[in-house]
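Shown next, in structure tokens, is the structure this report addresses.
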Amino acid sequence: MFENLSTRLGAIFEKLTRRGALGEADVDDALREVRVALLEADVALPVVKDFLDRVRVRAVGHEVVRSVTPGQMVIKIVHDNLVEMLGGATAEIDLAANPPVAILMVGLQGSGKTTTSAKLALHLKTRHKKKVLLASLDVRRPAAQEQLAVLGRQAEIATLSIVPGEPPVAIARRALQSAALEAYDAVILDTAGRLAIDEDLMAELALVRDAARPVETLLVADAMSGQDAVNVAKAFHARLGLTGIVLARVDGDARGGAALSMRAVTGCPIKLVGVGEKLDALEAFHPERVAGRILGMGDVVGLVERASEAIEQADAERLARRIEKGQFDLDDMAKQLRQVRKMGGLEGLLGMMPGVQKVKKQIAAANIDEAILKRQEAIIASMTKRERRDPDVIKASRRQRIAAGSGTSVQDVNKLLKQFFEMQKMMKRMGKLGTKGLMRAGFPGMGQMARPHGFPQR
Amino acid sequence: MAGWLGRLKAGLARSSARLSDDLAAIFTGKKLDAEALQELEDTLIAADLGPATAARLAKAVGRERFEKDTGADEAREALAGEIAKILEPVARKLEIDGARKPHVILVVGVNGTGKTTTVGKLAKQLSEEGRSVMLCAGDTFRAAAIDQLKIWGERAGAPVVAGAPGANPAGLVYDALARARTEGADVLLVDTAGRLHNKANLMAELEKIIRVMRKLDADAPHSTLLVLDATTGQNAHAQVELFAKAAPVSGLVVTKLDGSAKGGVIVALAERFAIPVVAVGVGEAIDDLRPFAARDFARSLLGLDP
């Protein structure tokens, strides 16, 4: 449903070929598309308007650099301004105060406060070598305090003992007292989720803040938030004086326009982002990546990181050596298949790449089946060790056995073997080029492997 | 009846206050000109209807009202009518098939939308209707999710089938279904771990849960509810699309409608997917799960009396 902005702008500017500078009418046409892209990414409307005004002033009359199209020029200007507005430098958690430093975590229900609290504790412990105490002030949601205690145990972070019936302000005081007595560096106070318009609960939070006097008051917000994010951030900021924002669930596929909205209305930096369910999945905020996502231009950096995560360095080196010696076998092919799946399958990979919307559509049309990868793995798994090492021995009867064993047909087995031999041939060529050539070529043969029968070559 | 309507209205009143203020500002003493129409469209965008749906609705109202001396109320009525027209086909109740022992309800969604709370509230309502309800704590991943559901189970008076934290959810669901069958429960409510719809492995886990329950009952789950958070923006489209691919999603539950978020994306979802909206959450109390009433919802959004 979300079309790539560059595709859309491309259509607008198709008629305009060479032009010296961006004219007012061109810019207005382009910005109409940018507006829709930003709104589809959930950037709040008032923020969109401000942003477009800003970009318009900078774009009109801008020289179009030779070798780029006017559309690309506008995208670059929009992108650069987005990055600027999202905040240039990354902001760290402020710990510059007398210990124990209090950090207050606030937000709506279900925004990810408890998980983020535990992640932050682990972050401070491992990256900053701090002794951290976790305390849950959430006396409303059933088992919320228990949840934080469990997370604390998983991360090997101390949590404040639970006293049933104790009100939040008293818990905050007790947490700071124990932290002072036991020489903790930081205390993270997890609070109950609340609506920004719930007067009673917001007043309670203000009392907690007055009691704890936190150095950091962090709003935990969901990356999937819609237009209301701007009101929520505004309300929490007005009431509590936020010092930063933590964006949770950035590992989803939301385009995360809420980040821009909240940053714009509060002026608070986005300090950290949650990128997964594991407790170490908390990262610094990178404005360029979010800018790319908001514009629907893919997250190339994210793709590279994901690839390096999924592919063990040692494995990659081993594979490179084997290819150099011309030893690529079916075990190596199976490993590659698994890696593709680990990175979220073909669709996941393509979704992160810029400008592949068209390819994606083609793939959908060609009816690529993710199951093909799995089936191919199954075929290889049905071979004996010897067959995997030396596929030449696989003749008719072995093919029949493999097909039966993997629940596929002999044709499927034939297809896989053909692919394998083609890959092997290519690998041998690659091996002659040396490791450098291999690295440049990326994952050799992967495109071919992923291509099902009937998918257009090239 | 008036009781819940009143509560729903009270819950929605807050979310609609800003919208109706904006609209009043647009229309009072003003003719519906191009500028007013643009403002109207902007108001709908701010309610998360999405740029495309907002533009189309504004245009529809504009076509009828243009150049007429349209007052605030008239324009609002027209717009409420348009929105209600879209929502009416999807405003349907959750149907429980009494012949099934049990009728299995699978509850799915991304993290933090309120699945466990919704399961708890549903359990209470279904047992109040005189049905025997059993709960399955299928979220074995999130810390203390099992404890949370057990507390809801106590409140609703429903037994909870739970495993150890980290246990295989598919196996647990199988056990729960087997037990519900032998004990002759009317309804089995299955809570699941929150999962982002773009995580292939987690969606495969969900598919496995369904596959495994079908070994006991080929028609299970008889209802699959996708829980959406009203604060979610346009990503709700992707959530519905991908969850419906992995599971036979038969109904939506929209939670947190008591906040300032308007949940307008439902309007676009109704147009695109036509999946019934079977309930809305308007508060944290056990009774704060309400039927979704299209006309009231549309009118409340625009600050009009039901």
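Note that this is a predicted model, so its numbers are computed, not measured. Naming: A, B, ... by sequence-line order, numbering from 1 per chain.
- At a 4.5 Å heavy-atom cutoff, Leu148(A) makes no contact with chain B through either its backbone or its side chain.
- Heavy atoms closer than 4.5 Å to chain B are found in both the backbone and the side chain of Leu39(A).
- Neither the backbone nor the side chain of Val265(B) comes within less than 4.5 Å of any heavy atom of chain A.
- Every residue was checked against the side-chain hydrogen bond (donor to acceptor under 3.5 Å, both in side chains) condition with Gln125(B), not counting sequence neighbours, and none meets it.
- For chain B, no part of Arg153(A) is nearby; none of its heavy atoms comes within less than 4.5 Å.
- Highest contact tally toward chain A, considering only Leu202(B), Asp48(B), Asp147(B), is held by Asp48(B) [criterion: heavy-atom pairs under 4.5 Å].
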Apply salt bridge (Lys or Arg N to Asp or Glu O under 4.0 Å) to the pair Asp287(B) and Lys124(B), showing each step before the final yes or no. CA-CA 8 Å; Asp287(B) 295 313; Lys124(B) 169 90 183 307; 3.4 Å; yes
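- Atom-to-atom distance recorded for Leu219(A):CG and Met262(A):CE is 6.0 Å, nearest 0.5 angstrom.
- Top candidate by heavy-atom pairs under 4.5 Å with chain B, chosen from Gln154(A), Glu146(A), Gln109(A), is Gln109(A).
- Among the candidates Pro142(A), Ala229(A), Ala254(A), the residue making the largest number of heavy-atom pairs closer than 4.5 Å to chain B is Pro142(A).
- When heavy atoms are compared at a cutoff of 4.5 Å, Ile45(B) approaches chain A by way of both its backbone and its side chain.
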Run the salt bridge (Lys or Arg N to Asp or Glu O under 4.0 Å) check on Arg293(A) and Asp253(A) step by step: do they pass? CA-CA 9 Å; Arg293(A) 273 173 74 150; Asp253(A) 61 356; over 6 Å; no
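- In this view, Ser117(A) satisfies the side-chain hydrogen bond (donor to acceptor under 3.5 Å, both in side chains) rule with no residue, not counting sequence neighbours.
- When heavy atoms are compared at a cutoff of 4.5 Å, Lys150(B) does not approach chain A at all.
- Summarising the geometry, atom CG belonging to Leu151(A) is positioned 9.5 Å from atom OG1 belonging to Thr159(A); distances are rounded to the nearest 0.5 Å.
- Of the inter-residue distances, the one linking Met203(B) atom CE with Glu205(B) atom CD reads 10.5 Å to the nearest 0.5 angstrom.
- Proximity to chain A (any heavy atom under 4.5 Å) is shown, for Thr113(B), by neither the backbone nor the side chain.
- Considering Leu122(B), Leu189(B), Leu252(B) in turn, Leu122(B) is the only one that fulfils the side-chain contact (heavy atoms from CB on, under 4.5 Å) rule with Leu225(B).
- Neither the backbone nor the side chain of Ala44(A) has a heavy atom closer than 4.5 Å to any heavy atom of chain B.
- Neither the backbone nor the side chain of Arg194(A) comes within less than 4.5 Å of any heavy atom in chain B.
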